[in-house]
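Data block below; observations after.
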Amino acid sequence: MLESKGIRLEHISKIYQDPKTGKDFKAVDDANLTIEPGSFVTLLGPSGCGKTTTLRMIAGFESPDEGEIYLGDQPINELTPNKRDTAMVFQSYALFPHYNVFDNVAYGLKLRKMDKDTIRKKVMDILELVELGGMEGRMTNQLSGGQQQRVALARALVVEPSVLLFDEPLSNLDAKLRVSMRTEIRNIQQRVGITAVYVTHDQSEAMALSDQIIIMNKGVVAQIGTPQEIYYRPKDAFVANFIGEANFLQGKLESKEGNRGVMSIYSHQVDVENVEDFARGENCTLVLRPESATIENEGQLPCEVMMSCFMGSYQHYHVKVGDVILQIMDFNPRYKKIFQVGDRAYVKFNACDSHLLKTE
Ligand code: ADP
Ligand code: MG
């Protein structure tokens with residue numbers, strides 16, 4: 001195990017000029033975040049939200065216009081990338097095509113002027129770790145995409161950095177390989193105990209890999225939390241929509257006691273929980289995940305079935321409640337009553353599955 005370090009961003013902003021309008025804009029806007037040593041953290045958000053810019057500032061390829069970045073307790077704004085104790089794995093792999101696997105991985109060690117025997121031992125050990133033992137003599141153009149990505153990972157790991165940075169490293173691979181490589185990256189990261197910061201726009205990748213997910217939206221950190229916190233307790237509609245599917249129902253909190261309350265939605269009284277941050281009489285939005293509700297003969301909200309599809313593991317419904325269409329995934333429907341288009345029924349869910357948002 002190597003010594004992993006945490007990272008801290010304090011009030012970090014990056015200003016770029018919009019090439020079309022010529023105006024300045026903040027590609028990263030007052031980002032504050034703490035990454036614990038040894039954790040796997042994902043920067044997740046749509047294209048253009050500032051993920052790569054944030055990662056490149058941590059690596060030292062870009063410098064922030066405001067704020068300070070710390071590696072462990074050390075401020076690193078003034079350090080060049082090679083003095084930062086971080087290593088980056090790129091989407092394009094960025095391997096040297098005229099070098100074989102061994103020389104690609106050994107490159108950073110040779111720069112550090114290590115002796116030949118030490119380099120040989122370190123390279124062979126790391127190739128073993130990424131399951132490329134025996135491939136050291138191959139040229140990189142004789143390797144598959146997945147193998148090239150392993151070489152890139154080995155090259156980053158071999159210099160024993162305190163932090164590993166990934167920018168969409170799997171996006172050039174086919175879907176199946178992406179899934180197996182992400183498991184491997186997670187396993188290797190845990191075995192080595194290194195801090196990892198991973199950029200992706202793929203929510204399932206973020207969920208599968210992360211101790212913590214940082215959701216970004218238009219340069220701003222929208223939410224930081226474990227995958228469960230982000231999924232079950234999204235802070236706003238953007239986060240709720242970006243991670244998984246979500247239904248939204250507008251209403252009013254009629255009464256509350258502790259964390260329980262009653263919401264009126266289209267004049268129906270609905271039991272809800274997790275209402276601590278809301279006041280009696282406040283307008284609010286109920287977030288309901290499609291898999292946390294079912295369609296029944298009795299329930300909280302009357303509905304009309306607009307679509308009903310058998311999907312194997314679930315019955316997929318679109319139902320109309322008031323003037324909104326809800327998407328419901330009713331799992332394991334084998335022995336259940338299946339409702340058809342045009343049927344009147346009820347949406348049923350447990351109060352503990354409710355989550356409320358401030359109405360925007
Ligand atoms: P992401 O990685 O989330 O897709 P980026 O961090 O690459 O987003 O980019 C954030 C925003 O900054 C985008 O609007 C992008 O066009 C802009 N941007 C990135 N790099 C530069 C640059 N060197 N000059 C001007 N604008 C840039
Ligand atoms: Mg990017």
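Order of listing sets the numbers, starting from 1, for every ligand and every atom in it. The structure presented is a predicted model; accordingly, all values stated were derived computationally and were not measured.
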Select the closest option to atom 7 (O) of ligand 1 among Thr54, Leu55, Leu43, Thr52, judged by heavy-atom distance.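 Considering heavy atoms of Thr54, Leu55, Leu43, Thr52, the nearest to atom 7 (O) of ligand 1 sits in Thr52.
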What I want to know is whether [X] and ligand 1 share at least one N or O pair that is separated by under 3.5 angstrom.
{"X": "Cys49", "value": "yes"}
{"X": "Lys51", "value": "yes"}
{"X": "Gly50", "value": "yes"}

Start with the C-alpha distance between His355 and Asn274, add both sets of side-chain angles, then the distance that settles side-chain hydrogen bond (donor to acceptor under 3.5 Å, both in side chains), and finish with yes or no. CA-CA 6 Å; His355 174 67; Asn274 313 305; 5.7 Å; no
Identify, by atom number and element, the atoms of ligand 1 in contact range of Ala27, meaning under 4.0 Å from any of its heavy atoms.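 Ligand 1 atoms under the 4.0 Å threshold to Ala27: 11 (C), 12 (O).
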Arg233, CZ atom: more than 12 neighbouring heavy atoms under 6.0 Å: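 Count over threshold, so yes.
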Give the residue and atom name of whichever protein heavy atom lies nearest to [atom], and the separation in Å to one decimal.
{"atom": "atom 14 (O) of ligand 1", "result": "Phe25 CZ, 3.8 Å"}
{"atom": "atom 20 (N) of ligand 1", "result": "Tyr16 CE1, 3.4 Å"}
{"atom": "atom 4 (O) of ligand 1", "result": "Gly48 N, 2.7 Å"}
{"atom": "atom 5 (P) of ligand 1", "result": "Thr53 OG1, 3.6 Å"}

Within 45 degrees of the axis of the six-membered ring of Phe278 and under 6.0 Å from its centre: does Lys358 put its NZ or CZ there?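 Yes, a cation-pi geometry holds between Lys358 and Phe278.
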I'd like to know if Asp211 pairs up with Arg186 as an ion pair, taking the criterion as any Lys NZ or Arg NE/NH1/NH2 lying under 4.0 Å from an Asp or Glu carboxylate oxygen.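 Salt bridge present between Asp211 and Arg186.
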Tell me, with the steps shown, if Arg289 and Asp353 meet salt bridge (Lys or Arg N to Asp or Glu O under 4.0 Å). CA-CA 8 Å; Arg289 295 292 187 187; Asp353 284 325; over 6 Å; no
Say whether, by atom type as modelled, one donor and one acceptor occur between the side chain of Lys51 and the main chain of Glu168 under 3.5 angstrom.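 Answer holds: no.
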Return a table of donor-acceptor pairs under 3.5 angstrom between the side chains of residues 124-140 and protein atoms on other chains or two or more places apart.
| unit_1 | atom_1 | unit_2 | atom_2 | d |
| --- | --- | --- | --- | --- |
| Asp125 | OD2 | Lys121 | NZ | 2.6 |
| Glu136 | OE1 | Gly134 | N | 3.1 |
| Arg138 | NH1 | Gln142 | O | 3.4 |

Does any donor atom in the side chain of Asp202 or Thr200 lie under 3.5 Å from an acceptor atom in the other side chain?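 Thr200 and Asp202 do not have a side-chain donor-acceptor pair below 3.5 Å.
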Of the side chain and backbone of Gln17, name the one, both, or neither that has a heavy atom under 4.0 Å from an atom of ligand 1.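 It is the backbone that touches ligand 1; the side chain stays farther off.
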Measuring to protein heavy atoms, does anything land under 4.0 Å from atom 16 (O) of ligand 1?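 Not a single protein heavy atom is under 4.0 Å away.
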Within less than 2.8 Å of the Mg ion (ligand 2), any N, O or S from Thr52?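 Yes - counting backbone and side chain alike, Thr52 has an N, O or S atom under 2.8 Å.
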